[in-house]
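Just so it is clear, the model here is predicted, and its values are computed rather than measured. Both ligands and their constituent atoms are indexed starting at 1 by order of listing.
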Amino acid sequence: MAERTLAIIKPDAVAKHAIGDITRRYEAAGLYPVGMRMMQLSKACAEGFYAVHRERPFFNDLTTYMSSGPVVVLTLEGSDAVKKNRDLMGATDPKKADAGTIRADHGASIEANAVHGSDSVENAQIEIRYFFAESELP
Ligand code: IDP
Ligand code: MG
């Protein structure tokens, strides 16, 4: 059954001109963009998005980093999209990510790790709605 997930190509990956490679990987894996927008997040927007991490020691650094340059936000659709995207991304720390994953190939550090992907179907719905109005998606 088709499922949707939210992905973000983070500022480090946009800066190294990896938008094309990462989007190609999504499509090759059967994760098809149904919503896609390049934007610069404000600090407040990044804080709202990562609100679950509010108490973490890295919260301020993370939200400063996420608002440091343009990102690409995508709603991806495909079978088993949430898990498929997590597998494609690799572990949070690029040094621990499996070879061939997006983070292993493009991540610079545990913070600047190239991509975001929703971690559950429930959170995917919340995150998609954070960036895309109902009227913007098919
Ligand atoms: P995930 O992106 O693999 O789901 P989360 O634990 O949800 O990982 O963390 C959200 C984001 O916060 C990570 O993608 C990374 O950018 C950043 N982050 C996570 N752990 C650390 C850390 O220990 N130091 C700095 N940044 C971190
Ligand atoms: Mg997460």
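- A cation-pi arrangement is found for Arg37 relative to Phe132, the charged atom lying closer than 6.0 Å to the ring centre and inside a 45° cone about the ring normal.
- Side-chain N or O atoms of Glu77 include none that pairs as donor or acceptor with a backbone N or O of Leu31 at under 3.5 Å.
- Residue-level contacts of ligand 1 at the 4.0 Å heavy-atom threshold are Lys10, Tyr50, His53, Phe58, Leu62, Arg86, Thr92, Arg103, Ile110, Glu111, Asn113.
- At distances below 3.5 Å, not a single donor-acceptor pair connects side-chain atoms of Thr75 with backbone N or O atoms of Leu6.
- Under the salt bridge (Lys or Arg N to Asp or Glu O under 4.0 Å) criterion, the residue pairs touching residues 6-28 are Asp21-Arg24, Asp21-Arg25, Arg25-Asp105, with sequence neighbours excluded.
- Using the six-membered ring where Trp is involved, Tyr50 and His116 have ring planes that are perpendicular, over 60° apart on the 30 and 60° scheme.
- Classification of the His53-Phe58 ring pair by plane angle, with boundaries at 30° and 60°, yields tilted.
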